[in-house]
Amino acid sequence: MRDEQVYFANHAGLCVFKFVGELRHTSVEGMDGFIRHLFEQQHACSRVSVDLTETEYMDSTCLGLLAMLARLSLSNSKGKPNLFCTNANMLLLLKSMCLDQVFHFVEERIEDIQMDELITESTADAQAELIYQAHKELSALSEDNRKLFQPVVELMEKERQGN
């Protein structure tokens with residue numbers, strides 16, 4: 001069993017993502033495509049929730065993926081997603097990245113529902129695109145984030161132009 005896992009369930013239109021363990025960019029390979037596809041389907045999700053009650057750590061790519069999920073939810077008239085988190089350190093990290101602006105934080109456990117492990121695949125180019133887009137999403141949340149992640153975004157843009 002891996003130390004990090006991502007689960008997903010669609011329960012009567014409520015789409016729930018559950019992140020478990022210490023998550024890094026390798027833990028969410030291809031997940032951006034899955035999320036985009038979900039929002040392309042007109043009635044796949046009427047509401048979105050994220051469960052971080054068993055999350056110990058997320059790198060900036062995972063945090064940017066959360067920002068993308070929130071933006072797509074908001075732009076598709078699904079409203080602010082709920083984000084369930086009981087870990088004080090994770091809450092501090094999420095707030096420091098301004099994710100409290102795009103999520104409704106719920107500091108309690110989410111009701112247990114049947115979930116399946118989300119298994120996605122990705123190419124090296126698609127993974128690089130995920131990392132790039134995730135950092136752009138984080139940069140868009142605040143001026144502090146922009147200052148922090150702009151060098152990463154600019155470096156990746158130069159690499160993209162070089163290909």
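Residues take their numbers from the sequence shown, with the count starting at 1. Note: hydrogens, waters and symmetry copies are ignored here, and every other heavy atom, side chains too, is used.
Between the side chains of D51 and T53, at least one donor N or O lies within less than 3.5 Å of an accepting N or O. Side-chain contact of Y132 with E157: a donor-acceptor pair under 3.5 Å is present, judged by distance alone. Side chains of E137 and Q133: a donor-acceptor N/O pair is absent below 3.5 angstrom, by distance only.
The backbone N or O of I119 lies less than 3.5 Å from no partner atom in the side chain of E29, so there is not a single donor-acceptor pair. Using modelled atom types, one side-chain atom of N10 and one backbone atom of A44 make a donor-acceptor pair closer than 3.5 Å. Using a distance-only test at 3.5 Å, with no hydrogens or angles considered, no donor-acceptor pair links the side chain of N82 to the main chain of S49. The closest donor-acceptor contact from the side chain of N76 to the backbone of L72 lies under 3.5 Å. When atom types are taken as modelled, the side chain of S73 and the backbone of G79 share a donor-acceptor pair closer than 3.5 angstrom. Remark: the backbone N or O of G33 is not paired with any side-chain donor or acceptor of H37 at under 3.5 angstrom.
Ring pair F8/F17 is tilted by interplanar angle, where 30° to 60° counts as tilted. Ring pair F103/F105 is tilted by interplanar angle, where 30° to 60° counts as tilted.
Note that NE2 of H25 and CG of L65 are 13.0 Å apart. Values are rounded to the nearest 0.5 Å. Taking CG from L52 and CG from L94, the interatomic distance works out to 6.0 Å, rounded to the nearest 0.5 Å. Summarising the geometry, atom NZ belonging to K136 is positioned 15.0 Å from atom CG belonging to N145; distances are rounded to the nearest 0.5 Å. In this structure, C98 SG and L141 CG are separated by 6.5 Å, a value rounded to the nearest 0.5 Å.
Under the 4.5 Å side-chain criterion, counting only non-hydrogen atoms from C-beta, Q114 is not in contact with Y7.
In R47, the CZ atom is not crowded: 12 or fewer heavy atoms of neighbouring residues, nucleotides or ligands sit closer than 6.0 Å.
The cationic group of R109 does not satisfy the cation-pi geometry with F84, failing either the under 6.0 Å distance to the six-membered ring centre or the 45° limit from the ring axis.
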